[in-house]
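Notes follow once the structure below has been shown.
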Amino acid sequence: MRKMIAGRFRLVLRTSLGFAALGVGSSVAGAGVVALLLLLQGLPEDVDDRGWVLGVTAAGVVALALVVGTLWTAYLQRRTVVWFTIGRPPSADEAKRALRLPFDMAVVSGTLWLIGALALGILAGVLGSLGDAAGIALTIGLGGLTTVGLTYLAAEWVARPVMTMALDVLPPRGSLPVTVLTRLVVTWVLASGVPLIGVLLVTTPPDLGRNGNPTASLIVLSVTGLTTGAIGTALLSRAVAAPLHRLRIALDGIARGRKDVHVDVDDSSEIGMLQTSVNDLAAGLREQDRMRDLFGRHVGADVARHALEYGASLSGDVREVTALFVDVVDSTALASRTPPQELVEKLNRFFASVVSAVDARGGLVNKFQGDAALCVFGAPTRLSDGPTMALAAARAIRDAVLSEGELDLGIGVATGQVFAGQLGASSRLEYTVIGDAVNEAARLTEHAKAVPSRVLASETTVKAALGGEREHWRLHGELHLRGRHRETRTWTT
């Protein structure tokens, strides 16, 4: 806990210092470059000995802009700082304000530079000439445009932790306030647009600052263009390449079968939409796995695979299977003397033994019927020795349940042709098996409850089993099963 608080504090401190350094550093650097260009161009050139007034005013404007900019930015961030510092999720309105931070900081910077350009341009016109006013205003305007662009790109980088928390609440959807194209345009302005406009102003009529040094000015413009272009390109590549790298890693993980993939959404542009889509993809795959797991638990893994492979349709086929029916003895009396919760717990332990024995031998627990269960060997998965597996499962279930001593049971096993497939309506299907073998197994179960071994199997089943399994069985006799016209020859173990 202490480490988490310390880590949170470092993150908040780093972000706050980043915003402060961004605001002060960009303004000071921009003002320095503008001052150097004005000096090299000899602007203003018509103010004579009143240049100090312009210089003092310029210094005052810069100082005032730093103070106003800091207070203005703090005012815009006042609500964001609270929830970001304590680490709570923001509300929708708070998240919306946080996502506007880079744009708001650019507006603050642009407004202050515009005021400075107008104020100093007008003062230069009053003290000197219209040429001085135009030269100073244009130079300051280009410096301001550069500063605004860098401020916007850098603010997006500094605000990543804040953006991540805000985008958890308001993921990028629909129309986007920021696009990759926007960033490309800003980067082009920094790397090419502003420097080239500066070159045109220095080298073409009306030759602002005729007493200046155009060569030195061009060198400064070139260095400034290279520097701002490099910084802008680095910020752009970090804003685009880094998230794409994380997305590639996430998609590689999904391709390898990982479903626990999550990408932090820290971008409000198309990249953020792509991050959200990857998270939605991973969540959808997790939900599919969960549904597949629940589907498999309800109908059996084999039935689930069969349904996914062949689809949901009222279809099936006739095949030979071995049916195993197991039922609890005297369940009505048991329910009358046992509390419901305790009875359910006993039945769950009983069914756990049934499922374990049947699954281990390739069978399917087709359905639970109150305190009974129908198990099938040979559908939907075909088995080469279904009778052997069913008889072995019957003995295993009997031994496991009777050893626990909680319930008594009867088990019937029969083999024959049945319909195996989907039954019901197009809106509600159930995989089941229907045929004489299923009915025979159920009727054998009724008689098995009175047999000491608690298991009865049809002679057809025992004779179809492998020799090793037949050795466990002996002839029980002929029984008249309810609903059948002929006697049934039965075996027990």
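The first residue in the sequence is number 1, and the count goes up from there. The figures here come from the full heavy-atom set of this structure, side chains too, leaving out hydrogens, waters and symmetry mates. Being a predicted model, the structure only gives us computed values, none of them experimental.
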Salt bridge (Lys or Arg N to Asp or Glu O under 4.0 Å) partners for [X], two or more places apart:
X	answer
Arg286	none
Asp371	none
Glu471	none
Arg361	none

Shortest non-hydrogen separation from [X] to [Y] and the atoms involved:
X	Y	result
Leu170	Ala95	CD1-CB, 3.9 Å
Pro172	Val265	CD-CG1, 3.9 Å
Ala457	Leu444	C-CD1, 4.1 Å
Asn366	Val433	OD1-N, 4.2 Å
Ala250	Val278	CB-CG1, 4.1 Å
Val169	Pro90	CG2-O, 3.3 Å

Can you check whether [X] reaches [Y] side chain to side chain, under 4.5 Å on heavy atoms?
X	Y	value
Leu181	Glu270	no
Leu374	Phe368	no
Arg443	Thr488	no
Pro89	Met165	no
Val326	Thr445	no
Leu324	Ile397	yes
Gln77	Met105	yes
Trp473	Lys463	no

Nearest-0.5 Å distance, [atom1] of residue [X] to [atom2] of residue [Y]:
X	Y	atom1	atom2	value
His476	Glu459	NE2	CD	13.0 Å
Leu167	Thr276	CG	OG1	7.5 Å
Leu71	Leu76	CG	CG	11.0 Å
Ile249	Leu244	CD1	CG	11.5 Å
Thr151	Asp104	OG1	CG	12.5 Å
Arg290	Leu285	CZ	CG	14.0 Å

List in chain and number order the residues that pass side chain to side chain contact (heavy atoms under 4.5 Å, CB included) with [X], two or more places apart in sequence or in another chain; answer none if no residue qualifies.
X	result
His447	Leu456, Leu479, Leu481
Leu343	Leu334, Ala335, Thr338, Leu347
Thr164	Asp264, Asp266
Ala191	none

Exercise for review: Dump the intermediate steps for side chain to side chain contact (heavy atoms under 4.5 Å, CB included) on Thr493 and Arg474, then the final yes or no.
Suggested key: CA-CA 6 Å; Thr493 180; Arg474 55 184 173 78; over 6 Å; no
Practice item. Go through the steps to decide whether Lys259 and Ile254 satisfy the test side chain to side chain contact (heavy atoms under 4.5 Å, CB included), and finish with yes or no. Key: CA-CA 6 Å; Lys259 306 299 190 303; Ile254 292 175; 5.8 Å; no
Practice item. Decide side chain to side chain donor-acceptor pair (under 3.5 Å) for Thr179 and Thr182; before the verdict, give the C-alpha distance in whole Å, the side-chain angles of both, and the deciding distance to 0.1 Å. Key: CA-CA 5 Å; Thr179 64; Thr182 304; 2.9 Å; yes
Does the pair [X]/[Y] count as a salt bridge with the N-to-O cut at 4.0 Å?
X	Y	value
Glu94	Arg88	yes
Glu342	Lys346	yes
Arg248	Asp252	yes
Asp317	Arg382	yes

Exercise for review: Start with the C-alpha gap between Ser453 and Thr492, add the side-chain angles, then the distance that decides, and say whether side chain to side chain donor-acceptor pair (under 3.5 Å) holds.
Suggested key: CA-CA 7 Å; Ser453 67; Thr492 187; 2.3 Å; yes
Review point. Counting only N and O atoms by type, is there a donor-acceptor contact under 3.5 Å from the side chain of Ser237 to the main-chain atoms of Ala234?
Key: yes
Review point. Just by distance, do the side chain of Arg319 and the backbone of Phe419 share a donor-acceptor pair under 3.5 Å?
Key: no
Review point. Which residues satisfy the ring-ring contact (aromatic ring centres under 6.0 Å, His included) test with Phe350, sequence neighbours excluded?
Key: none
Review point. Do we see a donor-acceptor contact under 3.5 Å between the side chains of Ser269 and Asp267?
Key: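 There is such a pair (donor and acceptor under 3.5 Å, judged by atom type) between the side chains of Ser269 and Asp267.
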Exercise for review: Determine, stepwise, if the pair Leu184 / Leu236 fulfils side chain to side chain contact (heavy atoms under 4.5 Å, CB included).
Suggested key: CA-CA 7 Å; Leu184 288 172; Leu236 176 65; 3.5 Å; yes
Review point. What residues form a side chain to side chain donor-acceptor pair (under 3.5 Å) with Arg337, not counting sequence neighbours?
Key: none
Point to revise | Residues in side chain to side chain donor-acceptor pair (under 3.5 Å) contact with Thr233, at least two apart in sequence or another chain | key: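 In terms of side chain to side chain donor-acceptor pair (under 3.5 Å), with neighbours along the sequence ignored, Thr233 is linked to no residue.
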Exercise for review: Write out all pairs satisfying side-chain hydrogen bond (donor to acceptor under 3.5 Å, both in side chains) with one or both partners inside residues 399-420, taking only residues at least two apart or from two chains.
Suggested key: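 Pairs touching residues 399-420 that pass the test: Thr322-Thr415, Arg349-Glu406, Asp408-Arg454, Thr415-Thr461.
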Check your understanding: Do Thr490 and Val451 pass the side chain to side chain contact (heavy atoms under 4.5 Å, CB included) test, and can you show the C-alpha distance, the side-chain angles, and the key distance before you say yes or no?
Key -> CA-CA 12 Å; Thr490 62; Val451 174; over 6 Å; no
Exercise for review: Using a cut-off of 6.0 Å, state whether more than 12 heavy atoms not belonging to Arg78 lie near its atom CZ.
Suggested key: yes
Exercise for review: Please confirm whether Tyr152 and Phe103 have ring centers closer than 6.0 angstrom.
Suggested key: no
